[in-house]
Amino acid sequence: MRNRNPILIVFLSLCVILIFVGASSDEPELGSARVVFQTEYGDIEFGFYPSVAPITVEHIFKLVRLGGYNTNHFFRVDKGFVAQVADVANGRSAPMNEEQRIVAEKTIIGEFSQVKHVRGILSMGRHADPNSGGSSFSILLGDAPHLDGEYAIFGKVTKGDETLKKLEQLPTRREGIFVMPTERITILSSYYYGENFLSLLYFTAVT
């Protein structure tokens, strides 16, 4: 009987395990682009799931490229549930140009999927109409299985959980079903980067 190399056996076993885990994972692949929202409490970076919600990703990313989210704010911070970005048309403190307004007021179809609402996931806001998504979206601050299949997931936070934890500690007030911060949490500026871009584009708060 030939001697078997124990190191090779262990290596092959690990490969099989990794292949199995990768194949069984429910998490979709992130695209290369990253977006960063800058606040006085720190940065929040997120990526997109273009294979899950291509229309939503294109819409949100276009708003980012136009600087639409600059001077917007988080109107809702419900600890353990969601931090929600206000809709661009009504949430900015700076006026919008015509191109920003056209995109911000556009509604898109609901791209619902099997991806789960867990902490860090980005989920589109909407009204009763499932095809009424606009520019408001939530960052999940905890697991929310009751939202699964009801709201379009389009990405997740890749860096900045420490910033989210700071936001969760801020004073809040309740208005109906909403838990809202008592102070304005402004998105001071934003930028995006990725391997498909030739340069880093930076949008200041006065855009």
Side-chain angles (χ1 to χ4, degrees), residues 27 35-49 52-53 56-57 59-61 63-64 68-94 96 104-108 110-190 205:
E27 183 176 344
V35 169
V36 180
F37 283 176
Q38 298 183 302
T39 78
E40 63 179 297
Y41 298 99
D43 295 351
I44 303 169
E45 179 189 280
F46 55 87
F48 297 110
Y49 292 142
V52 172
T56 306
V57 168
H59 176 64
I60 296 296
F61 194 48
L63 272 170
V64 171
Y69 287 100
N70 296 341
T71 76
N72 197 9
H73 69 288
F74 290 87
F75 82 91
R76 181 182 188 185
V77 179
D78 196 338
K79 185 176 181 180
F81 183 36
V82 297
Q84 188 167 355
V85 178
D87 71 277
V88 169
N90 298 306
R92 283 170 53 106
S93 59
M96 290 189 294
E105 294 180 347
K106 181 181 179 181
T107 56
I108 56 175
E111 295 179 291
F112 309 114
S113 67
Q114 299 302 311
V115 183
K116 305 300 183 184
H117 283 78
V118 296
R119 186 177 180 89
I121 282 292
L122 308 182
S123 179
M124 283 296 289
R126 65 174 177 84
H127 301 293
D129 182 350
N131 298 317
S132 60
S135 56
S136 176
F137 66 88
S138 295
I139 300 174
L140 272 290
L141 300 176
D143 298 351
H146 63 287
L147 302 181
D148 292 346
E150 299 293 327
Y151 293 85
I153 288 173
F154 64 94
K156 75 170 186 178
V157 172
T158 50
K159 294 179 183 177
D161 191 62
E162 65 283 355
T163 301
L164 296 180
K165 289 177 180 176
K166 290 179 184 178
L167 299 187
E168 289 185 277
Q169 301 306 313
L170 296 176
T172 58
R173 69 182 190 279
R174 181 175 288 275
E175 291 190 13
I177 65 170
F178 297 115
V179 177
M180 309 168 71
T182 57
E183 64 180 75
R184 182 181 174 90
I185 304 172
T186 301
I187 299 168
L188 302 171
S189 58
S190 63

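Every heavy atom of this structure was used, including side-chain atoms; hydrogens, water molecules and symmetry mates were not. Predicted model, so just to flag it, every value in this text is computed and none were measured.
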Please list, one pair per line, the donor and acceptor atoms closer than 3.5 Å that link side chains of residues 136-146 to other protein atoms, with sequence neighbours excluded.
residue	atom	partner	partner atom	Å
Ser136	OG	Gln84	NE2	3.1
Ser136	OG	Val85	O	2.6
Asp143	OD1	Arg119	N	3.4

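Judged by distance alone, the side chain of Glu168 and the main-chain N or O of Gly80 form a donor-acceptor pair under 3.5 Å. Judged by distance alone, with hydrogens and angles left aside, the side-chain atoms of Ser113 form no donor-acceptor pair with the main-chain N or O of Val52 at under 3.5 Å. With Thr71 contributing its side chain and Ser93 its backbone, the two residues share a donor-acceptor pair below 3.5 Å. With hydrogens and angles ignored, the 3.5 Å screen pairs a side-chain donor or acceptor of Arg92 with a backbone N or O of Asn70.
Note that CG of Leu63 is 10.5 Å distant from CG of Asp87, once rounded to the nearest 0.5 Å. Considering CG of Leu188 and OG1 of Thr39, their distance stands at 6.5 Å, rounded to 0.5 Å. Separating the CD1 atom in Ile121 from the CD atom in Glu27 is a distance of 7.0 Å, to the nearest 0.5 Å. The CD1 atom of Ile185 sits 13.0 Å away from the CZ atom of Arg76 when rounded to the nearest 0.5 Å. Put simply, OG1 on Thr186 and CD on Gln38 are 13.0 Å apart, with the number rounded to the nearest 0.5 Å. One finds the CG atom of Leu164 at 13.0 Å from the NZ atom of Lys79 (value rounded to the nearest 0.5 Å).
When all heavy atoms are compared, the tightest approach of Glu111 to Ala152 is O-CB, 3.4 Å. Taking every heavy atom of both residues into account, His117 and Leu147 meet most closely at CE1-O, 3.2 Å. Between Tyr151 and Ser123, the shortest heavy-atom contact is CB-OG, 3.2 Å. Of all heavy-atom pairs spanning Thr158 and Gly47, the tightest one is CG2-N, 4.0 Å. Of all the heavy atoms in Thr172 and Val77, the pair that sits closest is CG2-O, 3.6 Å. The two residues Tyr49 and Lys156 have their closest heavy-atom pair at OH-CD, 3.3 Å.
Checked against side chain to side chain donor-acceptor pair (under 3.5 Å), Glu175 has the following partners two or more places apart in sequence or in another chain: Arg173.
Between Phe48 and Val35 the shortest side-chain heavy-atom distance falls below 4.5 Å. Within the 4.5 Å cutoff, the side chain of Phe154 has heavy atoms near those of the Met124 side chain. Side-chain contact between Ile44 and Phe74: present, with at least one pair of heavy atoms (C-beta onward) separated by less than 4.5 Å. In this structure, the side chains of Ile60 and Tyr69 come closer than 4.5 Å at one or more pairs of heavy atoms. No side-chain heavy atom of Phe112 sits under 4.5 Å from any side-chain heavy atom of Glu150.
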Applying side chain to side chain contact (heavy atoms under 4.5 Å, CB included), run through Phe37 and Thr163 and close with a yes or a no.
CA-CA 11 Å; Phe37 283 176; Thr163 301; over 6 Å; no
